[in-house]
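Just below is one structure, and these are the notes that go with it.
Computed from heavy atoms alone, side chains included, the values below leave out hydrogens, waters and symmetry copies. Keep in mind that this is a model prediction, so the values were computed, not measured.
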Number of protein chains: 2
Amino acid sequence: MGVLTKIERRAATKGVALPLDQILMDDCIEAMRALPDASVDMIFADPPYNLQLGGDLFRPEGGRVDAVDNDWDKFDTFAHYDQFTRAWLAEARRILKDSGTIWVIGSYHNIFRVGAAIQDQGYWILNDIVWRKSNPMPNFKGTRFTNAHETLIWAAKSESARYTFNYRAMKTLNDELQMRSDWLFPICSGAERLKRGGHKAHPTQKPEALLYRVLLACTNPGDVILDPFFGTGTTGAVAKRLGRRWIGIERESSYCDVARERIAAALPLDESALKTMQSPTAAPKVAFGVLVETGMLKPGAVLMDAKRRWRATVRADGSLDASGASGSIHKLGATLQGAPSCNGWTFWHYEDAGALKPIDALRQTYLLANEA
Amino acid sequence: MGVLTKIERRAATKGVALPLDQILMDDCIEAMRALPDASVDMIFADPPYNLQLGGDLFRPEGGRVDAVDNDWDKFDTFAHYDQFTRAWLAEARRILKDSGTIWVIGSYHNIFRVGAAIQDQGYWILNDIVWRKSNPMPNFKGTRFTNAHETLIWAAKSESARYTFNYRAMKTLNDELQMRSDWLFPICSGAERLKRGGHKAHPTQKPEALLYRVLLACTNPGDVILDPFFGTGTTGAVAKRLGRRWIGIERESSYCDVARERIAAALPLDESALKTMQSPTAAPKVAFGVLVETGMLKPGAVLMDAKRRWRATVRADGSLDASGASGSIHKLGATLQGAPSCNGWTFWHYEDAGALKPIDALRQTYLLANEA
DNA sequence: CGAGTGTCTGAATCTAAGC
DNA sequence: GGCTTAGATTCAGACACTC
């Protein structure tokens with residue numbers, strides 16, 4: 001997990017010609033059939049919700065609610081909806097790289113069927129994410145709870161797949177706390193809501209902030225994102241802004257027109273702004289022995305844990321010795337604690353002017369002096 | 001919908017003898033078979049989640065997570081889980097009065113399969129409800145988003161069924177705002193968490209506050225609530241306190257013992273206890289990253305301190321970059337000043353018409369627009 | 001007794017790279 | 001693919017304990 005190397009990413013797409021940064025005006029299943037195996041890094045899908053609204057809804061004051069009643073959202077039966085869902089999910093899985101993930105958004109009308117299909121096809125669900133709407137439409141009749149959220153499913157291609165997740169970037173985005181599975185965003189309205197002839201251009205336009213978080217979490221700059229239900233191109237607009245490549249599939253020409261215009265107007269961020277906080281795995285590794293070799297720690301120096309419960313002596317080869325037991329900084333720390341594993345960099349400390357400091361501080365010093 | 005008359009309710013249960021306020025120690029499907037058609041007002045079900053956990057999981061400090069590894073949560077395949085799910089849901093629907101509703105709680109491991117089965121069997125989903133946990137277990141390995149919620153499905157017996165929903169009670173409970181589909185509650189811990197021999201009596205005990213809201217929303221005093229996966233009897237305890245009748249089904253005798261003792265000790269709620277059942281209000285906390293995601297501050301924007309001594313650039317993940325040093329608004333502010341800590345909200349400013357304004361002003365704007 | 005510190009725990013599908 | 005090794009990784013709340 002984490003950041004795949006550039007070489008890995010290049011190799012995975014070698015020799016294929018993807019229709020990058022384009023809208024394919026076609027049925028999504030047909031269009032996906034023309035794309036090569038294991039060729040895209042992420043798929044974001046906002047399929048029809050299978051809404052079964054019985055007749056028109058009326059607001060208390062009499063105005064008609066502009067509900068979703070487009071033809072593309074009509075399915076006779078659950079079976080038909082399932083058939084359609086399983087067909088496009090299967091194509092999507094074929095196209096997805098082994099390291100890729102899929103996101104699907106839906107509501108209670110369809111998300112349970114989508115989720116079951118995802119599991120049945122061998123995808124491995126990583127999280128379900130709740131988009132909490134800060135300003136949902138009220139339930140005018142007072143017959144149910146205000147439907148104030150939608151659900152996203154995030155899944156890897158298989159149980160064993162190594163997937164991209166920018167953990168540090170998400171944690172940074174959330175004020176240094178782990179990003180949770182419940183996200184709060186306003187619905188798409190105001191200037192962001194695309195209009196045509198005074199009416200909203202698309203009934204279910206998603207907020208860019210939602211896509212922003214999804215793309216930042218699960219892709220890297222240059223990655224290819226496929227959206228098989230492109231609509232007015234929110235995915236494309238955010239992808240362009242974040243320096244990602246995109247492929248959109250959309251059947252309705254009017255939506256395609258709106259999306260093209262919108263994406264053309266979107267401005268990409270410059271490279272420095274695209275940088276995000278990285279996990280330590282992305283930083284060059286420093287072997288503990290190097291600190292001994294360079295004299296930052298001398299053989300014979302005594303290390304101890306934060307509570308001075310265990311002590312160990314540094315040996316010339318960078319191993320530690322604790323009255324009989326010995327091993328690498330990690331192994332000895334694990335052995336002494338009786339734990340399955342241990343990060344020796346944070347476990348072991350050295351004494352500096354009476355205070356204990358983790359040996360990781362020495363590593364940081366070394367990195368600053370030798371890499372920057 | 002709304003309150004059914006006493007006459008309607010009496011008619012519906014006329015001539016049947018239900019095992020009221022009792023625990024049936026049996027397999028849930030077998031026990032349900034013995035109950036008459038259309039005889040209970042509500043069903044609350046907390047079935048096995050089919051977690052499919054791997055090996056042990058260790059916390060960063062070395063402790064081992066006490067995971068759910070009970071036999072009752074083990075299923076060979078999704079097909080077997082589906083078979084089980086559809087069997088108990090079918091019996092439940094037979095037992096449910098036409099005016100009754102069913103609640104099922106689950107996580108992404110099982111809820112999609114449960115939801116699809118519910119729809120397939122003719123139930124009519126009314127809402128999906130998200131229980132947001134104020135204190136979930138973190139993701140110790142940093143591999144996914146913190147799994148911070150569970151999902152409940154609320155469904156009527158059929159599309160045309162007239163069901164009970166105490167709209168006014170919910171609105172009152174929520175400070176005169178319509179109750180939304182996302183609920184915030186702590187997990188069950190502390191004194192409420194039942195123990196046996198110093199160890200938790202049940203691995204997945206649900207908080208009473210959750211059941212309290214469910215029962216208050218969808219039943220009336222005197223109504224009969226069936227819980228086919230009774231566990232330690234949270235449903236029974238809350239039902240008793242709210243003046244409802246209950247039937248519990250539980251296979252494990254040890255859970256039955258705990259539940260009986262617990263319910264015997266439960267007292268009807270008084271006014272002061274009612275208040276403790278209220279949901280904590282969502283903390284109006286805003287992460288700096290949200291201002292970036294929503295476009296209030298764009299990646300690449302330049303921030304500076306009040307005296308323009310330091311400058312930093314906003315990056316895509318909400319971190320700041322100051323020629324080499326980088327980090328969150330708080331961390332970078334502290335680093336640059338050489339201080340142990342720093343409130344980034346008041347330290348960093350943005351330029352607006354030539355004047356410097358603290359970024360805290362943007363946070364206030366966001367809060368006004370999205371939380372109030 | 002109060003403030004502050006340390007410990008424990010909760011429905012969890014919980015590592016990555018190199019040989 | 002299986003094995004070994006390096007080394008990355010946690011939030012909120014309840015409660016016990018110390019000063």
>> How would you summarise protein contacts on nucleotides 2-11 of chain D per nucleotide, using B for base, S for sugar-phosphate only and - for none, with heavy-atom distances below 4.0 Å?
In response: ---SSBBBBB
>> Can you list everything that forms a side chain to side chain contact (heavy atoms under 4.5 Å, CB included) with A:Leu336? Sequence neighbours excluded, please.
In response: A:Trp310, A:Ala322, A:Leu332, A:Trp348
> What distance do A:Trp154 atom CH2 and A:Ile118 atom CD1 have between them, rounded to the nearest 0.5 Å?
Replying inline: 13.0 Å
Give the rounded distance in Å between these two atoms: [atom1] of [X] and [atom2] of [N].
| X | N | atom1 | atom2 | value |
| --- | --- | --- | --- | --- |
| B:His109 | C:dC14 | NE2 | C1' | 11 Å |
| B:Tyr108 | C:dA12 | OH | P | 10 Å |
| B:His149 | C:dA12 | NE2 | P | 13 Å |

Could I get a table of every N or O pair under 3.5 Å where one atom is in the protein and the other is in nucleotides 15-17 of chain D?
none

> Which value, in whole Å, describes the distance between the C1' atoms of nucleotides D:dT10 and C:dT9?
Replying inline: 12 Å
> Are the aromatic rings of B:Phe229 and B:Phe44 close, with centres under 6.0 Å apart?
Replying inline: no
Non-neighbouring partners of [X] that pass salt bridge (Lys or Arg N to Asp or Glu O under 4.0 Å), sequence neighbours left out:
| X | value |
| --- | --- |
| A:Arg309 | none |
| A:Asp317 | none |
| A:Glu176 | A:Arg168, B:Lys331 |

> Which pairs with one or both residues in residues 133-143 of chain B pass salt bridge (Lys or Arg N to Asp or Glu O under 4.0 Å), sequence neighbours excluded?
Replying inline: B:Lys133-B:Glu150
> Taking the side chain of B:Ile187 as its heavy atoms from C-beta onward, which of D:dA14, C:dT13, C:dA11 lies nearest to it?
Replying inline: C:dA11
> Choosing from C:dG10, C:dA11, D:dA14, which nucleotide comes nearest the side chain of B:Lys133?
Replying inline: C:dA11
> Is the glycosidic torsion of C:dT13 within 90° of 0, making it syn, or is it anti?
Replying inline: syn
> How do B:Asp66 and B:Phe78 order along DNA chain C: which one's closest nucleotide is nearer the 5' end?
Replying inline: B:Asp66
For [X], what residues pass the side chain to side chain donor-acceptor pair (under 3.5 Å) criterion, not counting sequence neighbours?
| X | value |
| --- | --- |
| B:His109 | B:Ser107 |
| A:Tyr123 | none |
| B:Arg64 | B:Asp56 |

> Taking atom types as they are modelled, is there a donor-acceptor pair under 3.5 Å from the base of C:dT13 to the side chain of B:Arg144?
Replying inline: yes
> Based on Watson-Crick and G-U pairs with both distances under 3.5 Å, what dot-bracket line describes DNA chain D 5' to 3', crossing pairs as [ ] and inter-strand pairs as |?
Replying inline: .|||||....|||||||||
>> By the 4.0 Å heavy-atom rule, please label B:Pro47 as base, sugar-phosphate, or nothing.
In response: base
> When all nucleic acid strands are considered with a 4.0 Å heavy-atom cut-off, which category describes B:Gly55: base, sugar-phosphate, or nothing?
Replying inline: base
Name each donor-acceptor pair under 3.5 Å that joins a side chain in residues 248-257 of chain B to protein atoms two or more places apart or in another chain, with its distance.
from, atom 1, to, atom 2, distance (Å)
B:Glu250, OE1, B:Gly231, N, 2.8
B:Glu250, OE2, B:Glu252, N, 3.0
B:Tyr255, OH, B:Trp72, NE1, 3.2

